[in-house]
Amino acid sequence: MASHLLHHFKALSYLFFLLFIYHNTAMATLTFKPIKANCATTRYTDNSPFSTNLKTLLSTLKDKSSSSISINETAGKAPATVFGLYFCTGDLSKDNCQACIQTAIKDIIDSCPSSKQAIIWYDYCELRYSDTNFFGLPDTNGFSMINVNENTTSSRPVEVVSQLVKDAPLAQPLMFKSQAFISESLYALAQCSSDLRSKGCSDCLTTIFANIKACCTSSKGWRFLAPSCWIRLLSSLTKNAPAMAGFFYTIVREKRNMLYGLALCRGDLQNKRDDCQSCLNDASRSIVEDCPSKAQAIEWYEKCFVKYSNQRFFGMLDTVNRTLCGVEQVSADADCATEKLARSLINDAVKNKKFVSAGKVVISSSLSSYVLVQCSRDLSKGRCMQCLQRGMDKVSCECKLTNGWRYLSGSCTLRYETFPFFDTAIISTVSL
Ligand SMILES: *[C@@H]1O[C@H](CO)[C@@H](O)[C@H](O)[C@H]1NC(C)=O
Ligand SMILES: *[C@@H]1O[C@H](CO)[C@@H](O)[C@H](O)[C@H]1NC(C)=O
Ligand SMILES: *[C@@H]1O[C@H](CO)[C@@H](O)[C@H](O)[C@H]1NC(C)=O
């Protein structure tokens, strides 16, 4: 592609999509790894009343986790009573909450063997027990975490979280509040454990928020996890980008602020996760900087593609498009052979499970055409076909007799070059 075109379409240069792993973070089974465990050094002995009561408590919590997102419970009579609670982030599905708590129940025993008091924290849940009655007491003795890779000078995150710190204590019964801002790729939450009343929740959140302000607000993402309350801020798109070449979308389940995102990495990056991840990071950062006030945006990059919207777009044909034409001429025969190849690849792509097809046609001893066509996998077959055919009609009309073209849309892409721009090894892996 001629360099003057690239000046105009910096972000569009060398796009190709080829990708494949479909990942829905909203429905996927999440994996739960403990972030941290605090264990008291006071111990109980096996077969003591405390030990029995702890078993009872954990089994009650396990049962309740199938129906409740946040709960506090006691087990046994004084002086061996065990006090316990768990909570999941208020927007976690019941299934994922149950899975997180079940993991936590196993992990807390392994992490804090025979401890009379223990707390374990995860990204999405917390589990805590103690031999003393801590119910109703805001415990702010937690820890902060930051995203060290990105700094910010924006005051928005602090404003957003200030509001959540005010609102969450009043949001009964969960005392959970979250907010997503599409244009800023910002997602924040505040939450308290169920044993606190509004006043205690407010005290807890205010205290940990002051801690965060003292250390961490120059970072782009941060959190403070205390035993009795949490606050958390993250950049939604980058945070949810899977550490693999792939296709994901994310749904932030705050009713009025749904954010739908989709990202695609080049298929040959499936084994180069860092490349894919860094492309997605750059893309989602620049989408925020280039389109600060838009509720939807698309950017095409060499190695990936990122799109987000406040409208649910999955399955819908997106006609936002760009066309790029090569600047050198080829013969009418070459043009014709290329179009014929492209049209047959379109038919193949629609039948292909991954909605992609790539191929090569030899025009002469010194000239070949390479074509790759692909749809985003949220489309139906019919819409994929429609998207590719309309794109083909457009490039064949606008890029007559040229030595390359690209059609880039939010739903499909077509590309032709006279050099092998994709790893031709994939031709054998794609049905042609
Ligand atoms: C962010 O700021 C801190 C100091 O406030 C600095 O040490 C760190 O290197 C910065 N990180 C980046 C990625 O700029
Ligand atoms: C939960 O905690 C509150 C105190 O804040 C207490 O009144 C209530 O009895 C506890 N619930 C259970 C089941 O222990
Ligand atoms: C491409 O975008 C233009 C508007 O910029 C629109 O009129 C046209 O229908 C689109 N074409 C296709 C094939 O998506």
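Order of listing sets the numbers, starting from 1, for every ligand and every atom in it.
- Geometrically, ligand 2 and Asp195 share a nitrogen or oxygen pair separated by less than 3.5 Å.
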Evaluate Phe135 against Phe83 for ring-ring contact (aromatic ring centres under 6.0 Å, His included), listing each step before the verdict.
CA-CA 8 Å; Phe135 291 167; Phe83 301 83; 5.6 Å; yes

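- The contact shell of ligand 3, taken as protein residues with any non-hydrogen atom closer than 4.0 angstrom, comprises Thr319, Asn321, Arg390, Lys394, Tyr407.
- Arg43 forms no cation-pi arrangement with Phe50, by the criterion of a distance under 6.0 Å to the ring centre and an angle within 45° of the ring axis.
- Using modelled atom types, one side-chain atom of Ser65 and one backbone atom of Lys62 make a donor-acceptor pair closer than 3.5 Å.
- Both the sub-6.0 Å distance and the 45° axial angle are not jointly satisfied by Lys33 relative to the ring of Tyr122.
- Between the side chain of Ser115 and the main chain of Ala118, no donor-acceptor pair closer than 3.5 Å is present.
- Although no hydrogens or angles enter the test, the distance criterion places a donor-acceptor pair under 3.5 Å between the side chain of Gln191 and the main chain of Gly90.
- Checked against a 3.5 angstrom limit, the closest N/O atoms of Asn72 and ligand 2 fall inside it.
- In this structure, the side chain of Ser198 engages the main chain of Pro169 through a donor-acceptor pair within 3.5 Å.
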